[in-house]
Protein chains: 2
Amino acid sequence: MTASLTTCDRILDAAEQLFAEEGFHATSLRQITQAAEVNLAAVNYHFGSKQALILAVFRRRLDALNKARLERLEQSLSDEQAPDLEEILDAFIVPALALTHGSAENGHPFMRILMRAFADRDDQLHRALSAEYAHVMRRFAGAIATALPGVEEKQLRRQLDFIVGALTHTMSECSAKDARAIADDLVQFAAAGLRSAVSVPSVDGAVRTLEIHS
Amino acid sequence: MTASLTTCDRILDAAEQLFAEEGFHATSLRQITQAAEVNLAAVNYHFGSKQALILAVFRRRLDALNKARLERLEQSLSDEQAPDLEEILDAFIVPALALTHGSAENGHPFMRILMRAFADRDDQLHRALSAEYAHVMRRFAGAIATALPGVEEKQLRRQLDFIVGALTHTMSECSAKDARAIADDLVQFAAAGLRSAVSVPSVDGAVRTLEIHS
DNA sequence: ATAGTATTAAAACAACTGTTTGAATCGAAC
DNA sequence: GTTCGATTCAAACAGTTGTTTTAATACTAT
């Protein structure tokens with residue numbers, strides 16, 4: 001089964017799994033190469049160093065995630081009707097479901113890796129993360145700002161961080177069968193939160209949106 | 001300055017800082033003891049092992065956080081008026097601001113540690129985390145369920161996870177001066193998200209709460 | 001078949017890991 | 001001043017780390 005994959009892919013798969021479970025530094029190259037059933041030196045031969053392997057594992061999924069998110073967003077934006085908030089949030093959140101790799105019963109491995117990348121102070125990782133991530137975040141922030149006129153930019157950035165945090169945190173340890181329900185709940189949750197920034201609560205606890213013309 | 005602290009506290013402080021920056025396994029005892037300006041053997045003398053030190057660093061802040069959260073919640077619940085959603089969320093979120101330790105300009109170190117603890121598959125850490133955390137989460141879930149009748153339990157659990165994820169993610173890398181604004185934004189964001197679970201969107205995009213009697 | 005390149009394999013490298021040991025040092029109580 | 005427990009210290013332990021090296025193998029184009 002996995003024996004048909006190339007050495008590089010076997011290493012990437014094993015490394016992703018182990019990095020997610022144990023962390024980058026806590027995982028040794030010997031663990032990785034043993035799980036991938038390849039020789040120890042193969043990592044340094046194909047990737048150059050452990051650090052380069054970390055970046056490769058990281059980029060492989062993030063590239064795919066970014067691509068899926070942007071494609072879905074562009075499709076919504078190209079519709080005759082301007083997309084509503086839920087549609088934009090869907091484009092951001094739902095592609096994360098596809099990251100479930102292999103028989104990932106105990107959470108999305110890459111979401112765990114993403115959490116670790118955020119928590120680490122590894123400059124190279126942070127540069128790689130923001131170099132790829134920032135562009136996508138800007139795109140979504142713009143789309144949301146259009147669908148939700150009147151929202152303040154700084155606050156919108158913060159709210160997007162809330163959504164990213166909620167997504168990575170919950171997806172990192174959910175079972176594969178719960179992921180769909182979580183995504184739907186999060187879209188609804190986030191949409192309400194975003195709308196609350198341009199609305200004022202009334203006395204009876206109900207919420208009424210403000211009309212703001214630019 | 002730091003020389004007046006006991007050896008144990010110096011170790012805990014240095015370990016917390018380094019664990020937050022580099023991770024548990026990536027931080028060596030020699031880094032810690034050097035930063036704390038104590039002898040290498042002091043860690044094993046005072047804590048027994050590196051793993052025990054990790055748990056000690058972890059518990060020190062989490063105990064304080066739990067205590068502050070519950071005290072604030074009980075105070076709200078004991079008022080003559082039943083607390084509204086924002087008050088409950090305040091009790092959960094605002095105490096996290098106090099975790100800023102020392103001159104933490106680049107994020108709350110403990111929030112980074114909490115992210116790592118969630119991401120790790122370390123059984124001891126997970127046991128310690130849920131043993132202390134679950135009780136508090138149950139308490140808040142109950143309070144919210146009372147303030148927001150009609151919310152489904154499973155969905156409420158998920159939404160609490162959203163809030164925890166958003167809180168740890170944003171607080172872990174915010175500057176100390178932004179923390180307050182983030183907390184306020186998150187309270188508003190989360191309250192709107194929670195309320196959306198017991199309301200239905202109407203055609204014009206406005207939101208009207210449902211009245212549900214038990 | 002043969003030359004040449006890409007890949008894999010086993011072994012060794014120096015550096016670093018957490019932990020343990022036994023002696024030195026401190027600070028009170030008597 | 002002396003004794004005794006608590007703490008600190010320098011040194012060494014066995015084991016693991018990422019990386020490099022050198023030889024063997026597999027594969028492709030001629």
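Labels below follow one simple rule: chain letters A, B, ... track the order of the sequence lines, proteins then strands, and each chain is numbered from 1.
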In plain terms, say whether A:E16 and A:R61 are close enough for a salt bridge, that is, a side-chain N and a carboxylate O under 4.0 Å apart. yes
Note: A:R127-A:D122 ion pair, threshold 4.0 Å (strictly below):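 Salt bridge flag = no for A:D122 with A:R127.
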Mind jotting down which residue pairs meet the salt bridge (charged side-chain N to carboxylate O under 4.0 Å, His left out) criterion with at least one end in residues 182-193 of chain A? Sequence neighbours excluded, please. A:R180-A:D184, A:D185-B:R158
For residues 130-145 of chain B, which residue pairs qualify under salt bridge (charged side-chain N to carboxylate O under 4.0 Å, His left out), counting only residues two or more places apart or in two chains? B:R59-B:E132, B:E74-B:R139
Side chains of residues 160-169 of chain A: which donor-acceptor partners sit under 3.5 Å, not counting sequence neighbours?
| residue | atom | partner | partner atom | Å |
| --- | --- | --- | --- | --- |
| A:T168 | OG1 | A:V164 | O | 3.0 |
| A:T168 | OG1 | A:G165 | O | 3.2 |

A:R116 versus A:F19: any side-chain heavy-atom pair under 4.5 Å?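 With C-beta onward as the side chain, the pair stays apart.
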Gap between atom CZ of B:R72 and atom CD1 of B:I93 - 0.5 Å precision: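 The CD1 atom of B:I93 sits 10.5 Å away from the CZ atom of B:R72.
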Which nucleotide of DNA chain C is the first, and which the last, in the 5' to 3' direction, to come under 4.0 Å of a heavy atom belonging to chain A? C:dA6 to C:dA12
Whole angstrom is fine here: how far is it from CD in A:Q51 over to C1' in D:dT19?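 Spelled out: CD on A:Q51 to C1' on D:dT19 is 14 Å.
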Take the protein atom CZ of A:R30 and the nucleotide atom P of D:dG15, then report the distance between them rounded to whole Å. 15 Å
Base, sugar-phosphate, or nothing: which does A:T27 touch, judged by heavy atoms less than 4.0 Å apart?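 Touches sugar-phosphate only.
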Any donor-acceptor N or O pair under 3.5 Å, side chains A:Q75, A:E71: no
Taking only heavy atoms on the protein side, list every residue of residues 38-50 of chain B lying under 4.0 Å from any atom of DNA chain C, sorted numerically.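 Under 4.0 Å from DNA chain C: B:L40, B:A41, B:N44, B:S49, B:K50.
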Looking only at side-chain N and O atoms, does B:T7 come under 4.0 Å of OP1 or OP2 in D:dT7?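 Indeed not, no polar side-chain atom of B:T7 lies that close.
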Centre of A:F92's six-membered ring, under 6.0 Å away, within 45 degrees of the axis: is that where NZ or CZ of A:R69 sits?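 Cation-pi check for A:R69 and A:F92: passes.
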Please list, pair by pair, any protein nitrogen or oxygen found under 3.5 Å from a nitrogen or oxygen in nucleotides 22-29 of chain D.
none

Heavy atoms of B:S76 and B:E87 approach each other most closely as OG-OE2, 3.3 Å
